[in-house]
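If you read the sequence from its start, that first residue is 1, and numbering goes on from there.
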Amino acid sequence: MKLVYAIVNNDDSHPVSNALTQSGFSVTKLASTGGFLMSGNTTFLVCSDDDKVDEIIGIIRERSRKRKQFVPSAASFSTENYTGFPVEVSVGGATVFVTDIERFEKV
């Protein structure tokens with residue numbers, strides 16, 4: 001058994017959730033916040049047999065996409081009147097972790 005943790009941008013959360021459940025996977029969704037942009041994410045927990053992990057990751061990969069976003073540069077966070085130029089960063093996509101599960105029960 002494996003446990004897949006997938007951290008997905010909130011913009012992609014609904015399509016990922018629908019695709020996983022339509023494919024027969026039981027999914028737990030947790031609200032989470034990213035550290036860099038402090039933006040909303042959804043963390044999915046999916047427990048499955050070892051041979052289904054690639055299918056899960058494929059579904060997540062198909063439904064979550066990277067996009068560009070402009071954010072204020074660090075200089076604009078100062079208390080002075082100086083405003084920094086916006087910086088383009090890549091957001092979205094998914095970060096996926098897979099761990100072994102010793103025991104799994106639904107009670």
Side-chain angles (χ1 to χ4, degrees):
M1 295 291 291
K2 300 287 186 189
L3 178 59
V4 178
Y5 299 86
I7 304 165
V8 176
N9 187 283
N10 273 349
D11 294 338
D12 301 321
S13 174
H14 191 68
V16 169
S17 179
N18 284 345
L20 287 170
T21 55
Q22 287 175 359
S23 296
F25 295 106
S26 295
V27 179
T28 299
K29 291 173 41 174
L30 305 172
S32 53
T33 303
F36 176 62
L37 296 176
M38 301 302 287
S39 61
N41 295 315
T42 301
T43 300
F44 292 96
L45 306 176
V46 187
C47 191
S48 76
D49 294 322
D50 294 11
D51 61 338
K52 297 287 187 181
V53 170
D54 289 336
E55 181 181 354
I56 293 167
I57 294 173
I59 291 169
I60 294 165
R61 181 176 283 124
E62 289 172 10
R63 304 305 190 295
S64 54
R65 61 181 182 83
K66 290 190 178 228
R67 58 190 69 75
K68 299 289 183 180
Q69 178 177 328
F70 286 97
V71 297
S73 66
S76 66
F77 293 118
S78 69
T79 58
E80 301 191 20
N81 291 335
Y82 177 78
T83 303
F85 292 102
V87 177
E88 186 178 49
V89 295
S90 180
V91 297
T95 302
V96 179
F97 302 92
V98 180
T99 60
D100 290 321
I101 298 296
E102 286 186 35
R103 183 174 173 171
F104 174 77
E105 292 184 36
K106 274 189 151 178
V107 293

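- A distance-only check finds a donor-acceptor pair linking the side chain of Asp50 to the backbone of Met1 [under 3.5 Å].
- Going from atom OG1 of Thr42 over to atom CG of Asp11 covers 9.5 Å, rounded to the nearest 0.5 Å.
- With rounding to the nearest 0.5 angstrom, the CD atom of Glu55 is 11.0 Å from the CG atom of Asp49.
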Open item on the list: Between Ile60 and Phe44, is the side chain to side chain contact (heavy atoms under 4.5 Å, CB included) condition met? List the steps.
Closed with: CA-CA 10 Å; Ile60 294 165; Phe44 292 96; 5.8 Å; no

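- The environment of OH in Tyr5 is sparse: at most 12 heavy-atom neighbours from other residues, nucleotides or ligands sit within 6.0 Å.
- The CG atom of Asp54 sits 11.5 Å away from the CD1 atom of Ile59 when rounded to the nearest 0.5 Å.
- In terms of hydrophobic clustering, with Ile, Leu, Val, Met, Phe, Trp and Tyr side chains grouped at heavy-atom distances under 4.5 Å, Leu45 and Phe104 are assigned to a common cluster.
- With values rounded to the nearest 0.5 angstrom, Ser23 atom OG is found 10.5 Å from Asn18 atom CG.
- Follow the hydrophobic side-chain contacts under 4.5 Å out from Val98 and you never reach Ile7; the two are in separate clusters.
- Phe97 and Phe25 sit in two unconnected hydrophobic clusters of ILVMFWY residues. Membership requires side-chain heavy atoms under 4.5 Å apart, directly or through other members.
- The minimum heavy-atom distance linking Ala94 with Ser64 is given by the pair CB-OG, 3.7 Å.
- Distance CG/Asn9 to CZ/Arg65: 9.0 Å, rounded to 0.5 Å.
- Partners of Glu62 under the salt bridge (Lys or Arg N to Asp or Glu O under 4.0 Å) rule, at least two apart in sequence or in another chain, do not exist in this structure.
- Minimum interatomic distance between Pro15 and Arg63 (heavy atoms only, all atoms of both residues): O-CG, 3.8 Å.
- The shortest heavy-atom contact between Cys47 and Leu3 is N-CD1, 4.1 Å.
- Across every non-hydrogen atom of Lys2 and Ile101, the tightest pair is C-CG1, 3.7 Å.
- In terms of heavy-atom proximity, Ile56 sits nearest to Ser48 at CD1-OG, 3.3 Å.
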